[in-house]
Amino acid sequence: MPDTSLKYPVVLVHGIIAHDRESPINFWGRIPEILTNIGIKVFLGNTDAWGDCESNALILKNTIEEVLRETNNEKVNIIAHSKGGIDSRYLIWKHSFGEKIASLTTICTPHNGSEIADLIYKQKLTHTKLTKNVLTIFGKLYGDTNPNLYNMNYQLTTAEMVKFNEKVTMDNRVFYQSLYTTMNNAFDDLMFFYTYLYVKNIIGKNDGLVSEYSAKWSGNVIKIEGGISHAEILDYKKKKISGKNIPGIYLKIIEDLSKKGF
């Protein structure tokens, strides 16, 4: 049996739309329960679904500090999906959290920006005061503490992520790795039928939202084989995808982190 014991607890950080708080959808599927059942201390990041990276980094900072107090640990391992990876990178850089983060594993994170964010930003309606006000109200109703949908989308544009990557450098105290998936075709997940085709036409292979190019980051890049979409990698469907047991992917992440002493 593989060694899945970890020195440090795991904090799962979600991306856009998802909520760790009360929600009719369990955005992490069976993953937290399965990791807990093998003895891993698992915590949720509690970030906003529509927050920008500055705001979410502060929320995540508070969460991790509470986890460290509760577990009497000096570090945590972060596993972050989608924009959660950007929020986590910003946290480590802005708040000098390298001494408190053993590893950051990003999954399907748009490190080099999002072509969908570019598309939204190009629309004139996006920049009107009415739209911004409506988006803020929507975020509050959604349950966010500090939603900023306009700024969140702007930060994820490809042009802004170039600036982000120049500024937000890696901390040599942290082990970084980026994992990603791609859909085989638009029919793999009909939720992303049109966005998959749009991104594919612009830049190529993608998971329905994030391109392969954008997800590749850091010196440790791993492709998760199979036609798994951006959302399916979260196990919210709670079933095998393209013959893959999704929680098993996370167990493999844990096994690899364990071998590295994290």
Side-chain angles (χ1 to χ4, degrees), residues 12-19 27-29 31 45 47-53 56 78-90 104-122 149 151-165 168 170 176-237 241-242 244 246 249-250 253:
L12 298 174
V13 183
H14 65 68
I16 298 170
I17 300 177
H19 252 312
F27 284 102
W28 288 104
I31 295 163
T47 48
D48 283 338
W50 307 103
D52 60 27
C53 66
N56 272 349
I78 297 177
I79 299 177
H81 176 253
S82 193
K83 181 182 168 286
I86 304 300
D87 297 337
S88 300
R89 286 179 57 192
Y90 189 83
L104 170 59
T105 300
T106 66
I107 302 175
C108 300
T109 292
H111 292 287
N112 295 301
S114 165
E115 291 74 26
I116 300 300
D118 289 348
L119 177 64
I120 294 171
Y121 193 73
K122 289 175 183 176
L149 283 78
N151 200 38
M152 176 210 71
N153 183 81
Y154 174 64
Q155 289 177 342
L156 290 179
T157 58
T158 54
E160 282 305 299
M161 283 305 298
V162 168
K163 299 176 186 176
F164 181 94
N165 289 325
V168 181
M170 288 187 280
Y176 296 91
Q177 61 179 346
S178 55
L179 284 67
Y180 71 95
T181 67
T182 59
M183 291 166 57
N184 293 325
N185 57 66
F187 293 95
D188 277 342
D189 189 341
L190 294 179
M191 180 194 304
F192 299 108
F193 184 91
Y194 292 108
T195 52
Y196 168 83
L197 292 175
Y198 179 81
V199 177
K200 186 174 187 297
N201 184 58
I202 292 176
I203 199 166
K205 294 180 181 179
N206 66 91
D207 64 6
L209 279 182
V210 177
S211 70
E212 180 177 52
Y213 165 76
S214 189
K216 287 183 173 182
W217 172 81
S218 81
N220 305 289
V221 178
I222 301 171
K223 180 175 182 179
I224 301 167
E225 298 297 337
I228 303 171
S229 76
H230 189 78
E232 288 172 333
I233 194 62
L234 288 173
D235 192 50
Y236 82 98
K237 291 183 178 179
I241 306 296
S242 299
K244 292 266 188 178
I246 301 300
I249 294 169
Y250 290 79
I253 292 171

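Since the model is a prediction, treat every value here as computed from it, not as a measurement.
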Minimum heavy-atom distance between [X] and [Y], given as atom pair plus value:
X: Y236; Y: M191; value: OH-CE, 3.1 Å
X: S242; Y: G227; value: OG-O, 3.3 Å
X: G85; Y: T106; value: CA-CG2, 3.8 Å
X: C108; Y: V210; value: O-CG2, 3.6 Å
X: G226; Y: N184; value: C-ND2, 4.3 Å
X: L104; Y: A80; value: CD1-CB, 4.3 Å

Can you find a heavy atom in the side chain of [X] that is under 4.5 Å from one in the side chain of [Y]?
X: H111; Y: S178; result: yes
X: I241; Y: D189; result: no
X: T105; Y: Q177; result: yes
X: V199; Y: L209; result: no
X: W50; Y: N56; result: no
X: E225; Y: K244; result: yes
X: M183; Y: H230; result: no
X: Y154; Y: E160; result: yes

Which residue pairs pass the ring pair (Phe, Tyr, Trp, His ring centres under 6.0 Å) test with at least one member in residues 176-201, sequence neighbours excluded?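 Ring pair (Phe, Tyr, Trp, His ring centres under 6.0 Å) check on residues 176-201 returns Y176-W217, F187-F193.
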Taking [X] for the side chain and [Y] for the main chain, is one N or O donor matched with an acceptor at less than 3.5 Å?
X: T195; Y: G208; value: yes
X: H14; Y: A49; value: no
X: T157; Y: A117; value: no
X: K83; Y: G51; value: yes

Please determine which of I224, I107, I222 meets the side chain to side chain contact (heavy atoms under 4.5 Å, CB included) test together with I253.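 So, applying the side chain to side chain contact (heavy atoms under 4.5 Å, CB included) to I253 and each of I224, I107, I222, only I107 qualifies.
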Enter the distance from [X]:[atom1] to [Y]:[atom2] here, rounded to the nearest 0.5 Å.
X: M161; Y: D118; atom1: CE; atom2: CG; value: 11.5 Å
X: S214; Y: I203; atom1: OG; atom2: CD1; value: 7.5 Å
X: S114; Y: I16; atom1: OG; atom2: CD1; value: 7.5 Å
X: K237; Y: E232; atom1: NZ; atom2: CD; value: 3.5 Å
X: D188; Y: T182; atom1: CG; atom2: OG1; value: 8.5 Å
X: L197; Y: N185; atom1: CG; atom2: CG; value: 9.0 Å

Residue list, salt bridge (Lys or Arg N to Asp or Glu O under 4.0 Å) with D235, at least two apart or on another chain: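 If we apply the salt bridge (Lys or Arg N to Asp or Glu O under 4.0 Å) test to D235, skipping adjacent residues, the hits are R30.
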Test N165 against R89 for side-chain contact (heavy atoms from CB on, under 4.5 Å), laying out the working first. CA-CA 10 Å; N165 289 325; R89 286 179 57 192; 2.8 Å; yes
Would D207 and S229 count as a side-chain contact (heavy atoms from CB on, under 4.5 Å) here? Give the steps. CA-CA 5 Å; D207 64 6; S229 76; 5.6 Å; no
How about OH on Y213, more than 12 heavy atoms from neighbouring residues, nucleotides or ligands closer than 6.0 Å, or not?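 Not buried by this count: 12 neighbours or fewer within 6.0 Å.
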Using side-chain contact (heavy atoms from CB on, under 4.5 Å), reason through I120 and I116 one step at a time and then give a plain yes or no. CA-CA 6 Å; I120 294 171; I116 300 300; 4.2 Å; yes
Please determine whether side-chain contact (heavy atoms from CB on, under 4.5 Å) holds for the pair F164 and N112, giving the CA-CA distance in whole Å, both sets of side-chain angles, and the decisive distance to 0.1 Å. CA-CA 9 Å; F164 181 94; N112 295 301; over 6 Å; no
